Novice: 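Can you read through this structure? Questions will come right after.
Since the model is a prediction, treat every value here as computed from it, not as a measurement.
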Amino acid sequence: MMENWNYFNYFTEIEEHFWKKRGAHLLVSPIDWAIMEAWQKAGVPLEAALKGIDRAFESYSRSRRGAGKPLKSLAYCTDAVLEAAEESQEAAAGAQPATRKAEAKEAFSREELRGYIEKNMALVRRAAERHAAERAALTAMLEEVAGSLSGALNLLDAPGRVDLEDLERRLTILDEKVHAGLLSQASEELLLKIRREVDGQLAAYRRKMKAEQLALVEKQYLQKRLLDEYRLPRLSLFYFG
């Protein structure tokens, strides 16, 4: 997954491709973001996602529902995207392993990476300050994450090429720590509100999605909404920029 550094544009490319297919530059909904994140977590290659979206639009335009009505959500594309991903996996299994270039261009400069991490570290610290008075456990977790982000900056001072794979592993671990902390600290009322939101938005698509797909989308939606509620950023390099 990490061999193709263009993968860090995963969400942006899917979002822009979906805009172009719809013919309108509209904000992607929270449920669509959750679906993209579910594809990324499931290891769906970018090329397969784009191919599946194309197929879904072709199928939709031939259906009665596509008569004069735009395709509203990436949820409609899920089956086609996963089918394209399976085809990609089968093709890769029979192909010769690609030779990697000895010297590939770095995806990000050290200055860009430093700016990204420092920006997220500041957002995490602000969130910790907002909750310092009433939520000691949450504040302690956020301060610990901010400290780990500060430590990650040391990787950028090491000589030689930046080990993006190791940096991404560290940031992913911190993302998971934040998600776990927010889930444990969120009130039942907030969690119920978010559950109602996702159930309502997925109601029209449940028959088109398998149980494991639904579970992953619901999980990603919950994570995104909790981050929004606490005004916290994603830390992974997949959200760079």
Novice: Quick one: do Tyr221 and Arg195 satisfy side chain to side chain donor-acceptor pair (under 3.5 Å)? Show the steps, please.
Specialist: CA-CA 9 Å; Tyr221 185 91; Arg195 172 61 65 179; over 6 Å; no
Novice: When you measure from the side chain of Ser59 to the backbone N and O of Ala56, does any donor-acceptor pair fall under 3.5 Å?
Specialist: no
Novice: Tell me yes or no: between the side chains of Arg234 and His179, is some donor less than 3.5 Å from an acceptor?
Specialist: yes
Novice: Compare every heavy atom of Gly52 with every heavy atom of Ala80, then report the nearest pair and how far apart it is.
Specialist: CB-O, 3.3 Å
Novice: Is a donor on one side and an acceptor on the other found under 3.5 Å between the side chain of Glu86 and the backbone of Glu83?
Specialist: no
Novice: Would you find a donor on one side and an acceptor on the other, under 3.5 Å apart, between the side chain of Arg22 and the backbone of Leu71?
Specialist: yes
Novice: Is any NZ, NE, NH1 or NH2 atom of the basic residue among Arg169 and Glu165 found under 4.0 Å from an Asp or Glu carboxylate oxygen of the other?
Specialist: yes
Novice: Heavy atoms, side chains only, cut-off 4.5 Å: are Leu235 and Thr172 in contact?
Specialist: no
Novice: Do you know the tightest heavy-atom contact between Met141 and Gly181?
Specialist: CE-CA, 3.9 Å
Novice: Quick one: does any side-chain atom of Ser150 pair with a main-chain N or O of Ala146 as donor and acceptor, under 3.5 Å?
Specialist: no
Novice: Is the number of heavy atoms from other residues, nucleotides or ligands under 6.0 Å of Glu188 CD greater than 12?
Specialist: no
Novice: Is the closest side-chain heavy-atom distance between Leu74 and Val81 below 4.5 Å?
Specialist: no
Novice: Between Asp199 and Arg196, is a salt bridge (charged side-chain N to carboxylate O under 4.0 Å, His left out) present by the stated rule, with each step listed?
Specialist: CA-CA 5 Å; Asp199 285 347; Arg196 286 170 174 162; over 6 Å; no
Novice: Would Arg231 and Arg130 satisfy side-chain contact (heavy atoms from CB on, under 4.5 Å), going step by step from the backbone distance to the final call?
Specialist: CA-CA 10 Å; Arg231 285 181 277 171; Arg130 283 195 300 271; 3.2 Å; yes
Novice: Do Leu216 and Ile35 belong to the same hydrophobic cluster, where Ile, Leu, Val, Met, Phe, Trp and Tyr are linked whenever their side-chain heavy atoms lie under 4.5 Å apart, directly or via other members?
Specialist: no
Novice: Do side-chain atoms of Gln220 reach the backbone of Ala38 as a donor and acceptor pair under 3.5 angstrom?
Specialist: no
Novice: Honestly curious: do Leu50 and Met36 fall in one hydrophobic cluster under the side-chain, below-4.5 Å linking rule?
Specialist: yes
Novice: Which distance, rounded to the nearest 0.5 Å, do you find between the CZ of Arg110 and the CG of Leu155?
Specialist: 10.0 Å
Novice: Taking the side chain as every heavy atom from C-beta outward, state whether Glu144 and Lys177 have any atom pair closer than 4.5 Å.
Specialist: yes
Novice: Whether the side chain of Asp32 engages the backbone of Ser73 through a donor-acceptor N/O pair (distance < 3.5 Å, no angle test) should be reported.
Specialist: no
Novice: Atom CG in Leu46, atom NZ in Lys51: separation rounded to 0.5 Å?
Specialist: 12.0 Å
Novice: Which residues satisfy the salt bridge (charged side-chain N to carboxylate O under 4.0 Å, His left out) test with Glu197, sequence neighbours excluded?
Specialist: Arg225
Novice: Do Glu37 and Tyr239 have a side chain donor and acceptor closer than 3.5 Å?
Specialist: yes
Novice: Using distance alone, with no hydrogens and no angle criterion, decide if Ser236 and Asp175 have a side-chain donor and acceptor under 3.5 Å apart.
Specialist: no
Novice: So, Thr12 and Glu16: side-chain donor and acceptor under 3.5 Å apart, yes or no?
Specialist: no
Novice: If you look at every heavy atom in Ala127 and Leu232, which pair is closest and at what distance?
Specialist: CB-CD2, 3.5 Å
Novice: Is it true that Phe240 and Leu153 fall in one hydrophobic cluster, defined by side-chain heavy atoms closer than 4.5 Å?
Specialist: yes
Novice: Atom NZ in Lys224, atom CD in Glu229: separation rounded to 0.5 Å?
Specialist: 11.5 Å
Novice: If you define the side chain from C-beta out and look only at heavy atoms, does anything of Val217 sit under 4.5 Å from Thr78?
Specialist: no
Novice: If only atom types and distance count, is the side chain of Ser88 paired as donor or acceptor with the main-chain N or O of Ala48 below 3.5 Å?
Specialist: no
Novice: Taking Val124 as the fixed residue, which of Val178, Leu174, Leu142 is the one that meets the side-chain contact (heavy atoms from CB on, under 4.5 Å) rule?
Specialist: Leu142
Novice: I'd like to know if Tyr76 and Trp19 are part of one continuous hydrophobic network [Ile/Leu/Val/Met/Phe/Trp/Tyr, side-chain heavy atoms within less than 4.5 Å].
Specialist: yes
Novice: Indicate the atoms forming the closest heavy-atom contact of Pro233 with Leu227, along with that distance.
Specialist: O-CD2, 4.1 Å
Novice: So, for Val44 and Tyr10, which heavy atoms are closest and what is the spacing to 0.1 Å?
Specialist: O-OH, 2.8 Å
Novice: So do Leu167 and Ile117 actually touch side chain to side chain, heavy atoms under 4.5 Å?
Specialist: yes
Novice: Got a second to check how far Trp39's CH2 is from Gln213's CD, nearest 0.5 Å?
Specialist: 10.0 Å
Novice: I need the Ser148 OG to Arg170 CZ distance, nearest 0.5 Å.
Specialist: 9.5 Å
Novice: Parallel, tilted or perpendicular, judged at 30° and 60°: which one describes the rings of Phe238 and Phe11?
Specialist: perpendicular
Novice: Report whether Tyr116 and Leu149 are members of the same hydrophobic cluster (ILVMFWY, side-chain heavy atoms less than 4.5 Å apart, transitive linking).
Specialist: yes
Novice: Taking 4.0 angstrom as the limit, do Asp54 and Lys20 come out as a salt bridge?
Specialist: no
Novice: Could you give the distance from CG (Leu156) to CD (Glu118), rounded to the nearest 0.5 Å?
Specialist: 9.0 Å
Novice: For Cys77, does its backbone N or O pair with a side-chain atom of Arg55 as donor and acceptor, under 3.5 Å?
Specialist: no
Novice: For Leu237 versus Glu168, what's the shortest heavy-atom pair and its separation?
Specialist: N-OE1, 2.8 Å
